[in-house]
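Counting starts at 1 for both ligands and their atoms, following the listed order. In what follows, every heavy atom counts, from backbone to side chain, and hydrogens, waters and symmetry copies are set aside.
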Amino acid sequence: MLMTEPSIVRTSTAELYDAHVMKNYARAPMTLVRGRGTQVWDDAGNVYLDFTSGIAVSALGHCHPHWVATVQRQAGELIHVSNLFRNPNQGELAKRIVGYAGPGRVFFCNSGAEADEAMIKLARLHGVRKAGGEEGKCYKVIVAKNAFHGRMFGGMSATPQEKIQKGFRPLVPGFLVGELNNVESFAALVDDSTAAILVESIQGEAGINPCTPDFLRGLRKLCDEKNLLLMLDEVQCGIARTGKFYAFEHAGVRPDVIAMAKGLGGGMPIGAVWAGQKAADLFQPGNHGTTFGGTPLACAAGLATLDVIEREGLLAHVTKASVLWHEALRQLLKDFPQHIADVRGKGFLVGVQMTGDIGPWVVALRERGLLVVSSGNNVIRFLPPLVATAAELAQSVDIFLSALVAKS
Ligand SMILES: *Cc1c(COP(=O)(O)O)cnc(C)c1O
């Protein structure tokens with residue numbers, strides 16, 4: 001095409017999306033351009049309380065000064081080197097994660113899905129070792145009904161939800177499905193071909209469904225008895241979101257493998273898999289890798305995120321601030337039983353199950369200045385950044401109340 005005069009009419013973002021961006025999202029009709037702390041602005045100048053946190057990613061809120069300074073400094077020093085070389089930040093961040101997770105080793109990648117894929121590959125290698133080196137004998141992984149483990153082929157095959165698997169069969173074989181919070185249903189599926197059990201400590205996409213402490217302890221025992229890896233997907237519920245660094249800590253168990261991502265980079269794409277002694281040495285040169293995982297820049301963002309979580313006491317803050325917030329939400333449940341069916345979750349990962357279609361509720365909240373995410377079929381998911389203040393939490397309840405009153 002010949003270039004003529006530069007157009008003076010700038011194509012709107014909405015038009016650009018309509019014309020050029022794939023249509024795999026039902027997006028809200030708005031364009032976000034700026035953020036600070038818990039607040040985010042659209043291109044029309046409207047300000048919102050952001051209780052999506054980019055789906056549990058922006059743990060420190062938007063543009064936390066320590067995070068920004070760290071990333072800016074690192075960007076001017078060294079952004080990317082391959083994993084064929086060491087870089088100081090990756091070593092440091094691995095050490096910090098081991099400090100939270102326990103003795104073991106860390107593999108870095110770029111997303112939750114990649115962390116889940118790496119975890120599933122560890123299960124395969126564990127199975128081969130269990131079967132005395134033979135492939136194809138011990139490879140099965142038991143997952144929970146309604147689980148979500150990402151959109152790549154391994155994780156998607158581990159995600160027993162029709163809406164996610166439809167159109168993509170044949171899937172990766174070897175995934176069996178147990179009932180959440182029913183250890184016997186998992187135990188009944190275990191045989192010599194089983195390599196691992198994989199669950200989310202709190203199911204994030206299926207409506208905020210927590211594993212009970214007894215269930216996690218029961219799975220731990222089952223895995224010990226049958227030499228299975230207990231693999232926990234903490235991609236959404238981990239990194240301080242529930243008031244503990246990992247959500248499984250509430251149950252007092254230690255898994256063999258942990259997948260994490262979302263909140264770990266405070267906004268920078270980063271994923272990680274921690275493996276304890278039983279699985280830490282399964283990956284050897286050549287059998288797994290990634291070009292981008294663990295770059296100096298991504299790990300600087302991870303380190304800055306952990307710095308802020310520690311220095312600002314965000315574990316204690318989430319634990320303390322969520323008490324009154326949960327109480328206020330449960331009061332709404334009492335006052336509006338015609339609209340609200342349940343309030344559940346932990347810390348700053350909360351699901352409010354509605355009695356009807358949630359689409360209109362998400363819109364009603366947005367129109368009142370509160371951004372939330374849906375989860376499952378009928379759950380409104382509240383994911384404030386870990387730095388959200390008691391006043392901002394209370395404001396979210398006020399906005400919710402006003403939407404409830406308007407519909408009653
Ligand atoms: C979001 C999520 C994933 C996938 O992470 P991506 O970064 O979107 O690939 C996997 N598991 C759980 C539990 C998640 O919440």
Side-chain angles (χ1 to χ4, degrees), residues 22 24-25 27 51-59 107-123 141-161 163-165 168 171-172 175 177 180 196-211 216 219 230-242 245-248 255 257-274 290 292-295 298 301-302 305 344-351 372-376 379 381-383:
M22 285 201 189
N24 58 321
Y25 277 97
R27 288 189 177 83
F51 275 34
T52 70
S53 298
I55 315 194
V57 166
S58 311
F107 164 78
F108 288 103
C109 52
N110 311 284
S111 67
E114 280 176 76
D116 284 340
E117 295 301 310
M119 196 154 64
I120 292 163
K121 287 177 77 172
L122 285 175
V141 177
I142 310 174
V143 299
K145 199 173 157 192
N146 291 325
F148 182 81
H149 298 297
R151 303 283 194 160
M152 297 189 197
F153 262 92
M156 177 175 64
S157 304
T159 297
Q161 297 189 44
K163 66 170 189 246
I164 285 167
Q165 296 181 340
F168 300 112
L171 302 171
V172 176
F175 294 97
V177 183
L180 190 73
I197 287 176
L198 164 60
V199 296
E200 295 155 87
S201 309
I202 301 177
Q203 289 189 336
E205 297 302 312
I208 315 301
N209 308 317
C211 288
L216 285 179
L219 291 184
L230 177 59
M231 311 196 299
L232 295 183
D233 186 339
E234 289 262 341
V235 167
Q236 186 157 166
C237 57
I239 322 296
R241 181 139 292 277
T242 66
F245 193 77
Y246 296 113
F248 62 74
V257 189
I258 307 166
M260 59 207 103
K262 292 192 167 95
L264 181 59
M268 186 73 79
I270 185 168
V273 172
W274 168 91
T290 160
F292 288 108
T295 65
T305 304
R344 54 182 181 259
K346 249 198 155 33
F348 284 9
L349 175 58
V350 168
V372 293
V373 205
S374 64
S375 172
V379 174
R381 185 168 18 169
F382 291 83
L383 296 164

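- When all heavy atoms of Ala247 and Ser201 are compared, the closest pair comes out as CB-CB, 3.9 Å.
- Under the rule for a ring-ring contact (aromatic ring centres under 6.0 Å, His included), the partners of Phe292 that lie at least two apart in sequence or sit in another chain are His80.
- More than 12 heavy atoms of other residues, nucleotides or ligands sit less than 6.0 Å from atom CZ of Arg344.
- Contact residues of ligand 1 (protein heavy atom closer than 4.0 angstrom to a ligand atom; sorted by chain and number): Ser111, Gly112, Ala113, Asp116, Phe148, His149, Gly150, Glu200, Asp233, Val235, Gln236, Lys262.
- Listed by chain and residue number, Tyr246 satisfy the ring-ring contact (aromatic ring centres under 6.0 Å, His included) test with Phe248 (two or more places apart in sequence, or in another chain).
- Side chain of Glu117 to main chain of Gly154: a donor-acceptor pair is present (N/O by atom type, distance under 3.5 Å, no hydrogens or angles).
- Glu205 pairs by the salt bridge (charged side-chain N to carboxylate O under 4.0 Å, His left out) definition with Arg381, not counting sequence neighbours.
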